[in-house]
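Structure, as structure tokens:
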Amino acid sequence: MEVVVLDTPAEVASLAADTIEDVVRSGASAGTPAVLGLATGSTPLATYDELIRRARDGRGPSYDGVETFNLDEYVGLPDGHEQSYLATIRREFTDAIGIPPERVHGPDPTAETLPTAGERYEAAIVAAGGIEVQILGIGSDGHLAFNEPGSSLASLTRIKTLTATTRKDNARFFGSPDAVPRHVLTQGLGTITRAGHLLMLATGEGKAEAVAAAVEGPVSATCPASVLQLHPHVSVLLDEAAASRLVRLDYYREVYAGKPDWQGL
Ligand code: F6R
């Protein structure tokens, strides 16, 4: 796992955007458009904004043929609800960057077909060729996607119940914790670790404890994000505040400062 500590959230966004663009560019030049795994929530917004800005300035790659898969989706929202994660990712990223809605995927929360939603989503990811780079945030309770503490490290896409902590954290999008749906569909930790490269972003003091548990704590379902330690290609991009509880902070800085020029993330 490579831990990169940067001065500001803007630097985190810029490095994450570089990494996504590299994957999109190499897909375009190989004739096999990239498959991106996208997270919603506040953390990746600065990265999406940076990618959109570069595209508008004519500095971005072509997103022709690129497909995207969301990590998760609320269950029980009315059709077309603005806080559904599919609507959110279109509004905040894919529409602006020019990826058409039919290439933007999320788990299907339709009530009538919920029992098969997980296996259908797994099959769709496989049919697309698998996710090359997966953007991840981390919950203040250590969740990854909506795999709450106690989730199996081998889990696949399925329905989950949100913890009170997560419903409180997400109340800002719904007005109150009670208005946040209780159930979600989420890629499992096993699904996430099938992606080629995991790019976890965390900014702000509120994430410092969860980041320390994920990166330096034991691998345990108690901290779902600790599953990252089992993956061969993980980049954790942090600002100073999110990194503030890491014990090996000086070492991570030394490693990144001495990183060979030829080695990307
Ligand atoms: C979002 C997701 C969640 C968020 C996490 C952090 O698709 O799966 O795991 O990444 O809750 O959210 P923010 O970034 O809003 O702090």
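Values below: all heavy atoms of this structure, side chains included; hydrogens, waters and symmetry mates excluded. Whatever order the structure lists them in is the order used to number ligands and atoms, beginning at 1.
Among protein heavy atoms, the minimum distance from atom 3 (C) of ligand 1 is reached at Ala145 O, 3.7 Å. Looking only at protein heavy atoms, the nearest one to atom 10 (O) of ligand 1 is Gly137 CA, 3.4 Å. In this structure, atom 5 (C) of ligand 1 lies nearest to the protein heavy atom His143 NE2, 3.4 Å. For atom 8 (O) of ligand 1, the nearest non-hydrogen atom of the protein is Asp72 OD2, 2.5 Å. Counting protein heavy atoms only, atom 14 (O) of ligand 1 is closest to Thr43 OG1, 2.5 Å. Protein heavy atom in closest approach to atom 6 (C) of ligand 1: Ile138 O, 3.4 Å.
Against a heavy-atom cut-off of under 4.0 Å, Arg172 is close to the following atoms of ligand 1: 15 (O). Ligand-side atoms of ligand 1 in range of Leu71: 8 (O), range being under 4.0 angstrom from any heavy atom.
Tyr63 meets the ring pair (Phe, Tyr, Trp, His ring centres under 6.0 Å) test with no other residue; sequence neighbours excluded.
Residues Ser176 and Asp178 bring no donor and acceptor atom of their side chains to less than 3.5 Å of each other.
The shortest N or O to N or O distance between Lys207 and ligand 1 is below 3.5 Å. Looking at ligand 1, you'll find an N or O of Thr40 within less than 3.5 Å of one of its N or O atoms.
The list of salt bridge (Lys or Arg N to Asp or Glu O under 4.0 Å) pairs with a residue in residues 85-100, not counting sequence neighbours, is empty.
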Review point. Under the side-chain hydrogen bond (donor to acceptor under 3.5 Å, both in side chains) criterion, do Thr157 and Gln187 qualify, and how do the steps go?
Key: CA-CA 4 Å; Thr157 306; Gln187 283 190 32; 5.8 Å; no
**Study point:** Steps toward side-chain hydrogen bond (donor to acceptor under 3.5 Å, both in side chains) verdict (Arg120, Thr113)
**Key:** CA-CA 10 Å; Arg120 283 185 285 121; Thr113 53; 3.2 Å; yes
Exercise for review: List the steps, then state whether ring-ring contact (aromatic ring centres under 6.0 Å, His included) holds for Tyr256 with Tyr251.
Suggested key: CA-CA 9 Å; Tyr256 190 63; Tyr251 177 65; over 10 Å; no
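The aromatic rings of His233 and His197 sit parallel, their planes meeting at an angle under 30°, below the 60° perpendicular limit.
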